[in-house]
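Following: one structure in structure tokens, then a few remarks.
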Amino acid sequence: MSELNNIALKIIDNGKGILAADESTGTMTKRLEGVKVESNSENRLKFRHTLFSSKSMKACIGGVILYDETIKQKFSSKKIPEIISNAGAVPGIKVDTGAKVLANSPKEKITEGLDGLRDRLKDYYKLGARFAKWRGVYIISNSCPSKIAISTNAHALARYSALVQEAGMVPIVEPEILMDGDHSSEICLAKTSEVIKKCFEELILLKVDLKGVILKPNMILPGTKSDQKISSDKIAELTLKCLMENVPSEVPGIAFLSGGQTEIEATKNLDTINKKNKSNFIMSFSYGRALQQSALKYWSKNLDDIEGTQKIFNHRANMCSLASQGKWSEQVEKN
Ligand code: 13P
């Protein structure tokens with residue numbers, strides 16, 4: 001077993017998943033202002049530290065994705081990556097520098113951040129990071145994602161992955177197809193399949209060790225403006241079909257993004273996927289909003305109510321952990 005494979009398993013095996021707390025300062029500001037909390041570095045740290053020091057970290061969270069600001073912060077003179085490691089989780093770092101307008105297909109985006117990445121990875125390794133994240137983002141419309149978006153983003157994800165492994169870390173490969181649009185789940189299946197297939201073609205071409213990679217995909221869902229009603233069973237069936245057909249068997253696991261689903265939807269769908277999963281892939285979570293939303297809303301009412309906020313986060317983390325083992329139910333959700 002390679003060292004990278006061991007790290008990947010530590011992050012997502014045994015009922016654990018990833019807390020995606022890597023919102024850029026711009027995105028975190030939107031989240032905080034959305035609940036009427038001032039976005040300054042102290043408040044961002046205070047909320048995040050509340051999550052990182054929660055009781056559920058040990059059993060439920062195998063990895064935390066951090067943003068550049070947070071990985072360099074301290075809380076009560078303790079370094080944040082150290083706090084995360086002490087809670088039994090692996091510190092990770094978002095290393096892309098965001099999605100920019102794609103030349104010759106201006107409605108679409110290409111993720112940037114490759115220049116200087118080798119040196120930045122060395123610094124992040126020294127700070128304690130053992131895995132990294134890079135998000136490619138795609139839209140669905142008649143002509144999108146275009147071949148240009150599919151091939152340029154796959155190439156960037158592969159170049160990033162090769163550099164991350166060279167630095168001794170596990171790359172999270174995140175091709176996110178947005179839920180926006182009126183497309184059906186069948187279209188989402190076809191487009192997501194094409195995107196994931198191309199990502200692995202590029203990863204293989206660049207000799208990335210697939211045993212040391214975690215895929216972070218979207219689930220297969222109808223667009224948010226579609227009037228198609230779809231059951232959790234159908235979502236799980238289509239999602240599993242997409243992954244079985246397009247992810248090489250060497251990949252140890254998959255950690256879904258929540259992508260705008262509610263906390264309950266993201267939990268229930270992950271649970272159904274695991275109840276139906278007959279493959280060897282671990283199917284876990286790498287949730288941002290679906291782990292933090294209720295906790296953030298509660299915290300915004302009283303920034304000093306750490307215990308109450310943690311109680312809400314602990315419940316969510318427990319529910320996601322159960323779902324990653326196919327052991328969640330509406331009954332346990334209510335208890
Ligand atoms: P969401 O679960 O809120 O989609 O965030 C996950 C993430 O890291 C997106 O890049």
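Every number for a ligand or one of its atoms is a count from 1 in the order of the listing. When a residue number appears, it is its place in the shown sequence, counting from 1.
- Ser258 and Glu263 share no donor-acceptor pair across their side chains, judged by distance under 3.5 Å alone.
- Using a 4.0 Å cut-off between charged nitrogen and carboxylate oxygen, Lys225 and Asp180 do not count as a salt-bridge pair.
- Atom CG of Asp119 has more than 12 heavy atoms from other residues, nucleotides or ligands within 6.0 Å.
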Quick check on ligand 1: any N or O pairs to the protein under 3.5 Å? One line per pair.
from     : atom 1 : to     : atom 2 : distance (Å)
ligand 1 : 2 (O)  : Ser258 : N      : 2.9
ligand 1 : 2 (O)  : Ser258 : OG     : 2.5
ligand 1 : 2 (O)  : Gly288 : N      : 2.8
ligand 1 : 3 (O)  : Arg289 : N      : 2.8
ligand 1 : 3 (O)  : Arg289 : NE     : 2.7
ligand 1 : 3 (O)  : Arg289 : NH2    : 3.4
ligand 1 : 4 (O)  : Gly259 : N      : 2.7
ligand 1 : 4 (O)  : Arg289 : NH2    : 3.1
ligand 1 : 8 (O)  : Lys133 : NZ     : 2.7
ligand 1 : 8 (O)  : Lys216 : NZ     : 2.7
ligand 1 : 10 (O) : Lys133 : NZ     : 2.5
ligand 1 : 10 (O) : Glu174 : OE1    : 3.2
ligand 1 : 10 (O) : Glu174 : OE2    : 2.9

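- The side-chain heavy atoms of His183 and Cys188, taken from C-beta on, include a pair separated by under 4.5 Å.
- You'll find the side chain of Arg130 reaches within 4.5 Å of the side chain of Tyr125, heavy atoms only.
- Contact annotation: the side chain of Ile196 approaches that of Leu243 to within less than 4.5 Å [non-hydrogen atoms, C-beta and beyond].
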